[in-house]
Amino acid sequence: MERVIKITDDIFYVGVNDRETHLFEGLWPLPKGVSYNSYLIRDEKNVLIDTVKILKSDLFIQKIKEVINGDSLDYLVINHMEPDHSGSISAIINAFPNIKIIGNKKTFEFLKNLYGIEKNLLEVKDGDEISLGKHKLKFYMTPMVHWPETMVTYELTEKIAFTGDAFGGFGTLDGGIFDDEVDIEYYKNEIRRYYSNIVGKFGPMVQKALQKLSNLEIKVIASTHGPVWRSHPELIIDLYDKWSRYEAEEGVVVVYGSMYGNTEKMADYLANILAKYGIKNIRVMNAANVHESFIINEIWRFKGVIIGTCTYNNGIFPPIENLLINLAHKGLKNRIFGVFGTYGWSGGGVKGVVEYLNKNNWELVCEPCEVKFSPKPEDLEKLEEMAKCFSEKIK
Ligand code: FEO
């Protein structure tokens, strides 16, 4: 039994942890699980903000009943309709048949199409306010952070922003829920992974949302995933600002695909030379073994990306091609690229990667290095040259 946690005297955390789902959105691995955060405001009108994935409905409703203790639940605010947050709406309506649902026009379009729900709706527009008694909610439309209907609900009395996916991350809340009660370094990596995997494509829309919220005094950021930021909300706002502007730290991700170990040898050699030239943050990742979710996360962090591929059916090795497709989906910008690889007779791997970079306007900064079957001393010289050139561009 998880405990119900107070954010303030009248505002409660009623979210749940999920350590059962393997793949978020059926795609992104969850080795550390994920939390679905929901919040309840007690006042003359009791309000629930967002729900949780359907598989946790029973526990969720039990927690709500414990907080309202026989009183009515008057409103449900839906900040975001993706089913990890909307999945328990029907269960909430069953448990509290008189509840009124607050959302925007798009929310209600999705609500009808996903769940067939059309009754007891209260539509709000950008800047609208609703009084609950002591507390007052104001709604800010933040489209595409992460779906078109997404909005932020700001509580004016206690200055809490309920932000939906924005500022959230993977990882269950193991014990504490607040930024000052948990090992925030542990969560930071999972928050960047969530950002880069789920929201990353929408950088310009995140910038618009940050701009819109910039005049608010925000004491607490209560997202739908991961820690609640009550001590240092400015830290997560700053990180979001950097990530959505595609800013990066000094460092290089060397990601490769290798069938017989020759492209891998080149990857390790490059990494050693990069280190010799003073690059400390180096990640060497095998695209065939490491899920692209984790590779994208590292690429979101660091400035340099060096792609290595063997040639497969006259083209790019499939796990590398898949990674490139995904990076293009995310609209990656402001990175510098290098390319290396191997071929046996006809070639095509390195050429394919270079074509991909050109197509996406990704900057290739050093001469690619392609070798026949396995690297010879003269190839290692070329790699040395490439690592030297790359380290100069990174610094
Ligand atoms: Fe956490 Fe876009 O759902």
Side-chain angles (χ1 to χ4, degrees), residues 13-39 48-57 60 76-92 101 103-104 106-111 113-115 139-153 161-173 177 187 189-206 208-210 221-229 236 239-240 243-244 293 296-297 300 326 329-331:
Y13 175 87
V14 289
V16 296
N17 284 322
D18 177 3
R19 298 184 184 88
E20 291 160 47
T21 303
H22 289 277
L23 295 173
F24 191 83
E25 293 184 341
L27 179 59
W28 310 104
L30 292 172
K32 294 174 179 173
V34 65
S35 71
Y36 311 117
N37 301 345
S38 168
Y39 305 91
L48 182 67
I49 300 186
D50 290 312
T51 78
V52 304
K53 190 169 173 174
I54 194 165
L55 86 166
K56 292 286 174 177
S57 288
F60 178 52
L76 164 63
V77 173
I78 305 177
N79 283 323
H80 183 22
M81 274 299 293
E82 195 167 7
D84 52 329
H85 311 296
S86 66
S88 294
I89 293 176
S90 298
I92 288 288
I101 299 179
N104 56 60
K106 265 275 179 254
T107 318
F108 295 150
E109 185 190 318
F110 293 179
L111 192 61
N113 284 297
L114 269 166
Y115 306 110
F139 305 95
Y140 292 88
M141 302 302 130
T142 53
M144 301 318 297
V145 186
H146 148 229
W147 276 14
E149 86 301 356
T150 43
M151 61 184 201
V152 166
T153 299
F162 299 97
T163 57
D165 277 346
F167 312 112
F170 295 128
T172 50
L173 292 168
I177 68 159
Y187 286 101
N189 194 51
E190 285 294 85
I191 296 172
R192 191 192 326 98
R193 191 164 71 89
Y194 188 91
Y195 179 81
S196 60
N197 291 185
I198 310 297
V199 190
K201 180 180 172 58
F202 308 110
M205 302 309 283
V206 173
K208 271 193 186 165
L210 289 174
I221 289 182
S223 161
T224 44
H225 301 287
V228 174
W229 296 79
I236 189 64
L239 284 173
Y240 246 65
W243 295 335
S244 56
S293 169
I296 291 168
N297 181 30
W300 224 270
N326 245 304
H329 277 193
K330 304 292 168 209

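All ligand and atom numbering here is 1-based and tracks the order in the structure. Because the structure is a prediction, the values reported are computed rather than measured.
- With a 6.0 Å radius and a threshold of 12 heavy atoms from other residues, nucleotides or ligands, Lys32 has its NZ atom above the threshold.
- Rounding to the nearest 0.5 Å gives a distance of 11.0 Å between NZ of Lys201 and CG of Asn326.
- Taken from CD1 in Ile89 to CG in Leu76, the straight-line distance is 5.5 Å, to the nearest 0.5 Å.
- In this structure, Ser35 contributes its side chain and His225 its backbone to no donor-acceptor pair below 3.5 Å.
- In this structure, Ser88 contributes its side chain and Val52 its backbone to a donor-acceptor pair below 3.5 Å.
- In summary, the aromatic rings of Phe24 and Tyr194 are positioned with their centroids under 6.0 Å apart.
- Inspection of the environment of atom 2 (Fe) of ligand 1 yields the following protein N, O or S atoms under 2.8 Å: His80 NE2, Glu82 OE1, His146 ND1, Asp165 OD2.
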